[in-house]
Peer 1: 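For reference, the structure I am asking about is given below.
Here is the naming used below: chain letters follow the sequence lines, and residue numbers restart at 1 for every chain.
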Amino acid sequence: MMTSLLAYLLIPLSSAVIIQFLKKNDKLADIVSNVSLFAGLLNISYLIFNPQNVRFSFASIADNGFSLIMVLAIYLIAFCVSLFSSGFIPRTKNKHNFYSLLLTGVAAMCGVVISLDFFTLYIYAEALAIVSLAMICYEDNERGAEGAVKYFFLTLPGSVFILTGISILLFTAGTFNFLNLQSIANSGPMSTANMVAVAFLCIGFLIKAGIVPFHTWLIDAYQGAYSPVSAFLGGIATKVSGAYAIIKIVMIFKLFESTAGRISEALMLLGAITIIWGAIAAIRQKNFKRMLAFSSISQTGYIVLASGLGTPLAVLGAIFHLFNQATFKGTLFLNSASIEKSAGTTNMHKLANLENSMPWTTWTSIIALLAAAGLPPLSGFWSKLVIVLALWEEGAKGYAFLSLFFMLVTFAHFAIIQKKIFFGKKAADGEKSREMPVFMLLPVVLLSMIIILAGIFFPHVYSFLMQAVTRNML
Amino acid sequence: MNILLIPIFLPLFTAIFILLVSEKTKYLKEVAAIMASFISFLSALTIFLSSNIIAYSLPWAGYSFDFTLKADVLGKLALLFATGVSFLAAFYAAGFMKKRTDSAKWFFFNLLFTGSFSSGAVLSDNLLTMLFFWEGLVIFLYTFLVFAKGGRNSGAIAMKAFIINAVANLCFLIGITITGFIAGSMNMTEIHAGKLAVSGWAFAAYLLLLIGIVSKIEGMPFHTWMTDAGADGANSTFLAYVPGALDKILGIYMLVRVSIYLYVLNGVVQALIMTLGVVVLLFAAMMALAQKNYKKLLAYIAVSQSGYALLGVGTMNATGIAGGLFYALNNAIYLFALFLTAGSVESQSETSNMAKLGGLWKRMPATTLVFIIAALSISSVPPFNGFFSKEILQRGILEAGYPMFFAAVELGSIITLIALLKLGHSVYFAKETETSLRCKESGMFMIIPMFIAAILCLFFGFGAKIPVEHFLEPVLSYLALEHARTIAGFQMGNLLLISVAGIIVSIISHVVGYGITGKPYKATDYLLYAPVLSKIYRMAEHKVFDPYEQIMKSSVWPLGQFFSKLDSLTDYLTFTLPSFVSNSLSKMSQKFHRGSYVLYMTITIIGFLVYMAYVFSFGGIK
Amino acid sequence: MTYHLILFAVLLIFIMASVMLQNLLYSAIMLALGSVTVSLIMFTFSAPWAGVFELSVCAALLPVLVIGTIKLIDAGGRQDLDEGNEDNCGSLGFNIQPVENRIKFRILPLVVSLIAVLGWIFFIPFFEALSKYPYMNSLNRDLGKIIWAGRSQDLIAQITILTAIAMAMKSILHFSGGKNKESKE
């Protein structure tokens with residue numbers, strides 16, 4: 001465990017416990033939660049982006065760059081969800097529980113990303129699963145409970161496989177420390193038994209990430225959960241527990257060598273299937289949140305495809321895409337919550353012309369959708385470009401074409417949706433919608449600005465990630 | 001924070017801000033737009049007055065796509081005028097848009113974005129950055145036209161403008177790319193260090209660039225969208241700002257930049273440009289004679305003015321280039337003012353038909369005064385600024401040794417004066433009509449910019465030394481063009497006599513025409529029915545000379561057939577087939593996602609087994 | 001070896017019974033018996049401490065809690081499912097009547113036996129091959145040392161999990177009317 005980043009874990013944990021003792025005072029709970037998350041966000045941003053680091057192209061960062069950027073993403077999304085929820089959740093619900101769960105979730109996720117061996121990672125991932133379970137139940141009706149139960153039972157095989165993988169790894173390698181494993185992987189071609197262990201680990205984390213054909217729980221969970229919870233889940237939780245671990249595995253083991261069996265090919269194949277399935281299924285959805293869930297799955301497919309490839313450039317693309325997806329999905333889910341609250345429905349066929357009544361929501365959603373579709377110079381374009389370039393360089397031209405094609409499909413699909421929801425003729429439901437108050441808009445504006453800035457300042461991001469990847473990979 | 005970034009980014013952010021703010025606010029849009037353009041103008045002034053070259057560079061993504069800006073002598077002159085015109089247009093629009101029904105918010109958005117992008121285009125030092133801004137301007141041209149609820153045809157005209165400009169810009173893009181490849185660098189300062197000679201690929205590149213530039217300044221044959229927009233009643237502020245002033249500044253800036261800064265031209269190209277310039281100026285002026293619509297007449301005059309500028313730069317000597325540049329800058333003032341008067345009249349009387357207007361000098365004295373000054377300037381009557389620019393141009397032509405073109409320029413200004421006499425007489429000085437009884441003078445927001453433009457006409461005319469010394473001479477010495485003597489000044493000589501003679505000829509022609517027909521707006525009709533000319537005019541009326549219409553007409557039907565067949569094929573491939581596939585897949589997936597997690601679990605287990613089998617299929621487990 | 005096989009088979013039977021039985025009470029008891037079998041397996045693998053832990057927690061504590069819950073909400077053994085049993089809806093808000101449709105579940109033994117056969121063919125040779133591994137052979141490296149010692153940082157992880165469980169339970173369950181209700185696990 002990287003002790004330098006331990007504070008990021010302990011502070012939300014203690015805040016979660018403190019909030020439980022603040023009975024009956026909702027405002028105080030709001031303040032405690034938001035302030036602790038904001039302080040953490042400022043801290044981690046300073047750690048990464050202080051001018052000294054930027055000047056020397058981030059060469060002087062002591063810790064693992066990947067963990068740092070993940071902590072940044074975690075705090076960013078958690079802060080935005082928390083700020084949004086302080087305005088969104090009505091008094092009739094128990095806000096204290098929500099904040100405690102959120103903060104515990106943040107602690108668990110930080111634990112996942114700062115752990116230095118698989119066992120600790122697994123424990124924290126299980127803690128995150130419990131928290132996610134409870135948060136899906138927050139909805140307090142049948143759909144929420146159903147989503148939670150499905151979530152739990154369908155990720156259970158994932159946990160089982162991870163445990164199996166860890167135990168086999170223990171036999172064959174004797175350790176689950178990342179550094180030791182990396183030196184073992186470097187010292188020679190991987191033995192079959194190690195490979196079996198890695199295969200089990202991979203499939204376990206793939207199930208947790210929501211790859212086709214294991215994605216079914218994700219749809220119902222995102223749709224049925226309470227809206228800020230969907231933002232939290234879809235924004236960061238699924239990604240940390242699933243995609244982060246896969247990238248970590250890829251960075252540790254040299255999967256692209258021939259003795260690794262076909263794990264990297266399996267990853268790439270699953271990633272490609274996920275991209276296709278998610279994009280096609282998203283087209284037919286009527287419900288905005290369900291469509292977002294499918295497009296989430298599709299984008300996770302990109303991350304898995306890139307990590308399956310395994311070259312440093314591809315891993316860089318996967319990491320950046322992970323960060324980008326956190327920002328996009330955070331924005332979109334929070335906006336869908338706004339739309340649901342103010343227009344009363346998430347049925348896309350009933351929403352129209354929200355541009356006049358909810359301009360800020362409209363424009364931040366458009367930025368997020370355009371970025372997710374890969375429009376330059378937003379950040380999504382760069383991450384997709386890096387992934388396609390990496391695929392092309394390694395000779396996987398078929399996969400490169402596939403990703404490009406589905407980028408266009410996604411773009412066309414999003415453009416149609418935007419036109420319909422935001423710019424079309426007024427429909428009845430759109431008329432009575434009003435814009436959200438300012439501090440509920442702040443999170444999405446913050447996320448949109450980060451999307452734009454990450455796109456514009458891509459050279460800096462690139463140098464940061466390159467340093468993170470090369471230091472930790474080979 | 002570099003000052004060069006202000007004229008580019010401040011209007012841009014203000015435009016986005018205006019867009020987000022709802023339509024219902026009363027003054028916020030206007031105030032924000034005026035403030036933003038004013039601050040840009042002030043920063044342009046600061047840049048202009050500073051004596052060293054300010055540069056800004058942000059290395060981007062490698063591959064020579066750097067975001068470099070440089071305000072050298074040529075650039076900062078163009079920037080000053082572009083931002084100045086932008087400010088005046090915003091000011092005018094604050095009053096103008098109050099009376100109209102189209103969306104003010106989108107208008108200011110377009111105006112600010114156009115201002116921002118044009119600043120970016122003149123400040124860029126990297127060819128690709130400049131290209132980005134240049135292409136962006138086409139988009140905002142389209143949105144300007146499509147959002148203004150002009151006449152019945154505004155959508156079609158917008159599309160026509162877009163297609164003409166987009167095709168020309170495509171040529172421009174190819175030209176820039178070839179230039180970059182030949183020169184080995186995309187940075188204009190670097191290319192300037194070793195200028196390209198026009199031969200082989202460079203010749204083709206230069207021609208393509210020329211196509212782009214000519215379409216920008218609305219030269220023939222790329223002008224038709226503008227005249228149609230004028231006839232259709234497009235937004236006068238837009239007509240004043242974009243085709244009237246800004247395009248000329250940008251186009252001539254680019255022409256000077258490309259012809260002198262980047263390339264070294266030879267005699268063939270020079271003759272080509274000059275011929276084109278002469279054709280444009282004569283033909284457009286003659287078309288202006290036939291018009292009976294205020295704005296359409298001004299549109300043709302605008303096209304003709306761009307011919308002068310082309311001619312000037314084509315002479316390739318210092319005097320001629322100074323003349324051409326001076327024409328471009330003057331256009332920004334007097335053509336702008338003329339369109340503003342058209343807007344003022346139109347907003348009061350709801351019409352631009354000259355037959356329906358008359359005797360407005362009693363009711364709109366300020367507008368009349370501005371019109372008189374601007375009209376006299378544009379027809380090169382001494383001592384207004386137009387006269388001096390014509391003077392310099394003619395000296396340049398003589399230096400280059402083309403006396404025929406000299407005669408053509410003289411003829412052009414005669415025709416221009418005839419057309420404007422007709423316009424002025426019939427709109428402002430004839431008998432009053434019923435529509436003009438309703439008119440009163442426009443509001444302050446509209447008068448002040450007109451007055452500022454008129455005052456500049458006078459100022460640059462009477463004190464012609466000042467623009468020459470401060471604007472033109474620095475550019476000439478920056479471009480290392482030698483010129484023998486001072487080029488300004490009110491010099492008695494043959495040229496002056498010829499000009500005065502020309503003016504007298506125009507007045508005689510107008511009086512004759514008025515006498516024949518009795519109605520001032522028909523004062524040029526006798527010319528229209530002259531033997532050869534009448535045929536040409538009739539052909540022009542049937543749009544024979546409009547390549548867009550011709551191409552569209554002759555090729556539309558067969559192309560339409562071809563495209564509709566292609567379309568149904570692609571439709572099948574992209575819509576029917578995928579939607580069939582996706583429907584069946586979705587139905588399948590709907591069966592999957594029925595919610596039964598027993599099914600999900602089964603799928604998970606099966607998926608796991610398949611995965612394991614695949615992973616270990618290379619040799620099996622040991 | 002045979003001993004292990006028998007224990008595994010018994011375990012499978014108990015677990016399948018636990019899933020397939022309709023009566024919740026019987027399912028809980030089958031779960032307890034299954035846990036006992038697991039602890040026996042652990043004893044035979046010479047992991048006494050693990051076996052004891054399994055016995056005390058999973059075989060004793062958990063079934064007690066589960067059976068207590070079932071008794072409190074009166075869900076065991078009820079055969080009349082048709083009346084609107086609102087008082088049978090636990091605090092979770094949905095009906096915890098057992099599943100009626102058992103046709104799908106009848107496949108379960110078949111599937112399990114299929115997997116067992118496949119496992120016999122593939123997994124057992126694999127695990128035998130594992131024993132040839134250097135790390136496996138060096139049994140002087142106590143497995144316990146790897147898992148227990150040097151894991152003081154997992155204390156924080158444990159605290160996190162406990163906090164997560166506490167928050168989850170507090171959030172899911174509404175302590176309404178003062179009656180204490182607990183759910184499974």
Peer 1: What part of A:L128 lies closer than 4.5 angstrom to a heavy atom of chain C: side chain, backbone, both or neither?
Peer 2: neither
Peer 1: Taking side chain as C-beta onward, heavy atoms only, is A:L6 less than 4.5 Å from C:I156?
Peer 2: yes
Peer 1: Give me the atom names and distance for the closest heavy-atom approach of C:A168 to A:L101.
Peer 2: N-CD2, 3.8 Å
Peer 1: I'd like to check C:M167 versus A:N97 (side-chain heavy atoms, cut-off strictly below 4.5 Å). Are they in contact?
Peer 2: no
Peer 1: If every non-hydrogen atom of A:A127 is compared with every non-hydrogen atom of C:T160, which pair is closest and at what distance?
Peer 2: CB-CG2, 4.4 Å
Peer 1: Please give me the minimum heavy-atom distance between A:I130 and C:A164, naming the atom from each residue.
Peer 2: CG2-O, 4.0 Å
Peer 1: Taking atom CD1 of C:I165 and atom OG1 of A:T104, what is their separation to the nearest 0.5 Å?
Peer 2: 11.5 Å
